[in-house]
Amino acid sequence: MKSLAQFCFAFCVAALSSFAAHAGELVRDYPLAKIAPHTYVIHGPLGYPSVENQGFMNNPGFVVTHDGVVVIDPGSSLQAGRMLLKQMRTVTNKPVTHVFDTHIHGDHWLGNQAIMEAYPKAKLMGHPDMIKKLSDGEGAQWVATMEKSTAGFTKGTRAVVPDVPAADNAEFKIGGMTFRIYAPADAHSHTDIMILAVEDSVVFTGDNVLNQTIGRLVDGTFKGNIAACDKIATINAKHYVPGHGPSGDVTVVTNYRQYLATLFNTVKQQYDLGQSDFEMKALVVANLKPYQNWSRFELEVGPNIGLAVMEIEAAM
Ligand SMILES: [Zn+2]
């Protein structure tokens with residue numbers, strides 16, 4: 001049996017090492033999935049950025065071209081981006097030549113720093129309005145949010161801002177592959193691009209599509225997001241990688257569209273009947289039965305009803 005002193009020693013060492021562990025630490029590994037001949041995705045856990053998930057909860061992906069690697073959404077921190085690179089090296093030694101950031105929310109692009117640290121010549125690409133907003137300083141709040149929600153795990157992360165615009169309908173030929181950009185207006189964040197890797201028939205949707213989880217549509221619009229889903233569904237690609245949650249076929253898109261449309265249409269109908277957002281909530285929740293077990297549903301359904309009401313009133 002251990003003495004009290006031994007126990008204290010072991011405990012203190014454990015406590016100290018967990019306190020000091022963050023400097024240079026990587027986000028823990030999540031499985032790397034090959035979803036198409038050249039395309040790989042790490043599906044992050046669902047939920048908000050936290051101490052437990054080390055702030056990592058998005059779906060970083062990459063496409064291995066003839067000349068190098070194209071990364072999509074390298075994650076929420078320097079530490080997440082380094083984890084992505086570590087896993088990437090298990091399948092290729094080619095350098096990263098390009099990064100597409102799907103939108104301005106920090107959980108998707110703060111990993112840019114890790115890519116540029118390892119591959120300073122890589123081109124960072126994003127929506128023109130994302131580049132503008134981040135160049136005006138909007139990145140600092142995302143750095144601070146991540147650090148706070150992880151109790152300092154992401155310390156050392158800086159906002160490394162894309163500088164190559166990827167606008168609607170742009171097409172990039174990279175290493176023998178084709179990347180087509182869809183930039184829907186007023187969808188999830190007003191800075192969204194969706195990327196079709198043509199030869200692999202894979203669409204990276206950013207947060208215009210989520211699976212098994214919902215977010216708060218605080219920087220976008222329901223109508224624009226629904227239109228974005230419709231647009232990207234018509235491509236009928238083989239694979240869709242949502243911003244969060246498992247990848248799948250086009251039903252991932254149509255299912256999320258159904259969630260958005262059911263919420264918005266129920267709110268509109270009840271609003272027209274004179275109901276307040278509080279009064280209509282029970283009916284909205286009942287109509288969203290297939291989504292009630294999705295991550296964050298209980299916390300986010302109320303705020304989303306409020307946002308739908310605001311959108312309806314703004315259109316009047
Ligand atoms: Zn996100």
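Atoms within a ligand are numbered from 1 in the order they appear, just like the ligands themselves.
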Enquirer: Is the shortest distance from a Lys or Arg side-chain nitrogen in Asp230 or Arg257 to a carboxylate oxygen in the other one below 4.0 Å?
Expert: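 Yes, charged N to carboxylate O under 4.0 Å.
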Enquirer: Which protein N, O or S atoms lie under 2.8 Å from the Zn ion (ligand 1)?
Expert: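 Checking every protein N, O and S atom gives Asp107 OD2, His108 NE2, Asp207 OD2, His244 NE2.
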Enquirer: Between His127 and His103, does the ring centroid distance fall short of 6.0 Å?
Expert: no
Enquirer: Would you please indicate yes or no on a ring centroid separation below 6.0 angstrom for His66 and His38?
Expert: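 For His38 and His66, the ring centres are not under 6.0 Å apart.
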Enquirer: Less than 6.0 Å separating the ring centroids of Trp294 and Tyr291?
Expert: yes
Enquirer: Please check if the distance between the ring centroids of Phe172 and Phe179 is under 6.0 Å.
Expert: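 Judged by ring-centre distance (under 6.0 Å), Phe172 and Phe179 do not meet the cut-off.
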Enquirer: Could you check, using the six-membered ring where one of them is a Trp, whether Tyr240 and Phe204 have ring centers closer than 6.0 angstrom?
Expert: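 No, the ring centres sit 6.0 Å or more apart.
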